[in-house]
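A quick write-up on the structure given underneath.
Remember, predicted model here, so these are calculated numbers, not experimental data. Reckoned from all heavy atoms, side chains included, excluding hydrogens, waters and symmetry mates.
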Amino acid sequence: MTVTANLKTPIGDRFRRGALLLVPGTALLLLAGAGCGQEDGFAAEPETGAPDAADLRPAVETSPILSESLTDVLEISGRLEPRAEVMISSELGGAVEDVRFDKGDRIRKGALMARVGSDLLRAALAEAEAELEGAQLDYTQAKMLVEREASPKQDFLGAEVNLKRFEARVEAARLRLSRSEISAPASGVIVQRDIEPGEVLGPGSPVAVLHDTSVLRATIGIPETDIAFFSVGSPAEVSMDAYPDRSFEGRIAYIAPSATRPGRNFQAEVEIANADGTLRSGLIVRTRLQRRVFDNAVVVARDVLVERDGILHAFVLEDGTAGLRSITLGPDEGDRVVITSGLEVGETLITKGHRNLLDGQPVRVVSRAN
């Protein structure tokens with residue numbers, strides 16, 4: 001019977017057919033499950049959501065190269081000295097009657113400092129003036145007698161000569177008296193006092209030492225390689241540790257005609273006005289002299305430079321890679337330096353993260369300066 005024949009069909013085949021016929025979607029799931037066992041004809045699908053590979057390119061910061069200006073400055077240390085050191089002496093001898101100054105005093109030109117032997121000189125002047133009065137009377141009388149023809153002309157001429165002689169004596173007495181009063185020959189500071197009241201001085205004896213500090217001078221040495229940049233009258237800027245927040249204007253007042261040996265430096269003096277007496281002699285100063293000004297130059301920070309095999313280089317950004325450039329340095333100003341060759345305006349300079357880069361190495365820019 002047909003029915004009996006159908007019963008002999010294997011149970012597994014009937015299950016598979018029934019499964020395919022009744023639940024076709026389940027068969028697909030079973031087939032997929034079979035693929036997980038990597039049977040022949042099935043492949044594993046890749047996982048989704050896996051992280052990207054890490055970016056191993058060095059991170060750098062960049063900045064465009066712009067044209068700038070830089071002042072080339074020569075800085076030389078020096079020591080302030082007074083413009084003049086005046087040794088004041090007594091021209092005439094005598095007793096010191098009056099002293100009107102002391103060490104450390106600041107005095108003005110023409111101020112009375114002391115009197116030496118003026119008592120005797122005043123007496124001599126009084127005597128000369130009395131003799132002059134007598135000579136004037138004799139001259140007047142002789143002139144009147146000559147006009148009346150009552151006396152020979154020789155008497156008048158003798159009286160005239162005598163009058164002139166006594167006039168000269170009075171003038172000399174007045175001059176000696178004025179020189180007994182010692183006045184300051186210049187404005188400045190008294191740094192030494194050599195007399196006391198009551199002393200007796202001989203002619204030419206020292207009285208005091210005065211420093212003219214209205215203008216101070218800094219003595220410096222200009223190297224022979226720089227002497228062509230400067231001349232008398234060239235401006236200078238002077239600073240010192242005593243006044244860290246201030247600078248003072250000066251000018252070159254003197255340049256020696258020949259260089260010193262050894263060293264090959266030209267001695268020069270920079271004058272600084274000191275009308276208010278702020279500056280003091282002996283201070284150590286830094287003198288900044290302007291050699292030249294560079295306009296529209298390539299100027300970079302010294303920190304962006306790297307040394308390779310004893311040669312200075314800089315890195316620029318080239319199509320996402322680091323390009324190594326050998327450079328030539330020019331003058332500097334603080335931490336800024338002029339690049340005379342190797343870099344061009346408009347290029348992009350790598351400013352940070354450049355220390356360990358290699359030429360042509362791909363880089364990742366994390367910051368760009370405007």
Side-chain angles (χ1 to χ4, degrees), residues 44-77 221-230 236-237 239-241 244-245 247 263-265 286-370:
E45 296 184 5
E47 296 182 6
T48 59
D52 294 336
D55 190 344
L56 300 180
R57 294 176 300 169
V60 299
E61 297 182 12
T62 64
S63 176
I65 299 177
L66 305 175
S67 62
E68 300 183 37
S69 294
L70 182 139
T71 302
D72 181 20
V73 173
L74 174 65
E75 185 170 303
I76 309 174
S77 296
I222 301 177
E224 70 171 334
T225 53
D226 296 308
I227 194 63
F229 294 108
F230 308 110
E237 181 183 345
S239 60
M240 60 205 75
D241 293 337
D245 300 327
S247 61
R264 303 302 300 167
N265 290 332
R286 293 178 297 277
T287 303
R288 292 168 56 87
L289 305 175
Q290 179 177 303
R291 276 188 289 228
R292 49 192 167 175
V293 177
F294 289 84
D295 292 319
N296 301 320
V298 174
V299 182
V300 302
R302 192 177 290 275
D303 187 58
V304 307
L305 306 179
V306 294
E307 185 175 344
R308 301 288 169 86
D309 298 327
I311 301 175
L312 286 176
H313 296 78
F315 280 100
V316 296
L317 186 65
E318 297 177 334
D319 297 327
T321 64
L324 186 65
R325 300 281 185 84
S326 62
I327 53 100
T328 303
L329 296 184
D332 59 9
E333 181 185 44
D335 64 344
R336 302 166 67 237
V337 60
V338 171
I339 305 300
T340 58
S341 67
L343 299 177
E344 299 293 337
V345 173
E347 292 184 306
T348 300
L349 183 67
I350 297 178
T351 57
K352 289 188 178 180
H354 57 292
R355 293 295 176 189
N356 298 315
L357 292 179
L358 300 176
D359 188 19
Q361 183 177 6
V363 295
R364 176 168 50 95
V365 178
V366 297
S367 177
R368 298 177 184 269
N370 296 327

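Within the 4.5 Å cutoff, the side chain of Phe229 has no heavy atoms near those of the Gln290 side chain. Contact check for Thr225 versus Arg264: no side-chain heavy atoms found under the 4.5 Å cut-off. Annotation: side chain of Pro331 is in contact with side chain of Arg292 (closest heavy-atom distance under 4.5 Å).
Partners of Thr328 by side chain to side chain donor-acceptor pair (under 3.5 Å), not counting sequence neighbours, listed by chain and number: Ser341. Residues passing the side chain to side chain donor-acceptor pair (under 3.5 Å) test with Arg364, sequence neighbours excluded: none. By the side chain to side chain donor-acceptor pair (under 3.5 Å) test, Glu224 pairs with no residue at all, sequence neighbours left out. With sequence neighbours excluded, the residues satisfying salt bridge (Lys or Arg N to Asp or Glu O under 4.0 Å) with Arg288 are Glu75. Every residue two or more places apart in sequence or in another chain was checked for a side chain to side chain donor-acceptor pair (under 3.5 Å) with Glu344, and none qualifies.
The two residues Ala236 and Leu289 make their nearest non-hydrogen contact at CB-CD2, 3.4 Å. Residue Ala322 comes nearest to Leu357 through the heavy atom pair CB-CD1, 3.8 Å, listed as atom of the first residue, atom of the second, then distance. The shortest non-hydrogen separation linking Ser63 to Thr351 is CB-CG2, 3.8 Å. Residues Phe230 and Arg291 come closest through the heavy atom pair CZ-CG, 3.5 Å. Residues Gly342 and Arg325 share a closest heavy-atom pair of O-NH1, 3.2 Å. Closest approach of Ile350 to Leu317, counting heavy atoms only: CG1-N, 4.0 Å.
The structure places CZ of Phe315 at 10.5 Å from OG1 of Thr321, a figure rounded to the nearest 0.5 Å. In this structure, Ile339 CD1 and Ile65 CD1 are separated by 8.5 Å, a value rounded to the nearest 0.5 Å. Between the OG1 atom in Thr62 and the CG atom in Leu349 there is a gap of 8.5 Å [rounded to 0.5 Å]. Separation of atoms OG (Ser326) and CG (Leu343) is listed at 9.5 Å; rounding is to 0.5 Å. To the nearest 0.5 Å, atoms CG (Asp72) and CG (Asp226) are separated by 8.0 Å.
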task: Give the C-alpha distance, both sets of side-chain angles, the deciding distance and a yes or no for side chain to side chain contact (heavy atoms under 4.5 Å, CB included) between Val300 and Ile327.
output: CA-CA 11 Å; Val300 302; Ile327 53 100; over 6 Å; no
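A side chain to side chain contact (heavy atoms under 4.5 Å, CB included) with Leu324 is found for one member of Gln361, His313, Glu318 and no other, namely His313.
Listed by first then second residue, pairs satisfying side-chain hydrogen bond (donor to acceptor under 3.5 Å, both in side chains) with a partner in residues 295-308 read Ser69-Asp295, Arg302-Asp332, Asp303-Arg355, not counting sequence neighbours.
No donor-acceptor distance shorter than 3.5 angstrom exists from the side chain of Asp309 to the backbone of Ile311, with no hydrogens or angles considered.
Residue Arg368 places its CZ atom among 12 or fewer non-hydrogen atoms of other residues, nucleotides or ligands, all under 6.0 Å distant.
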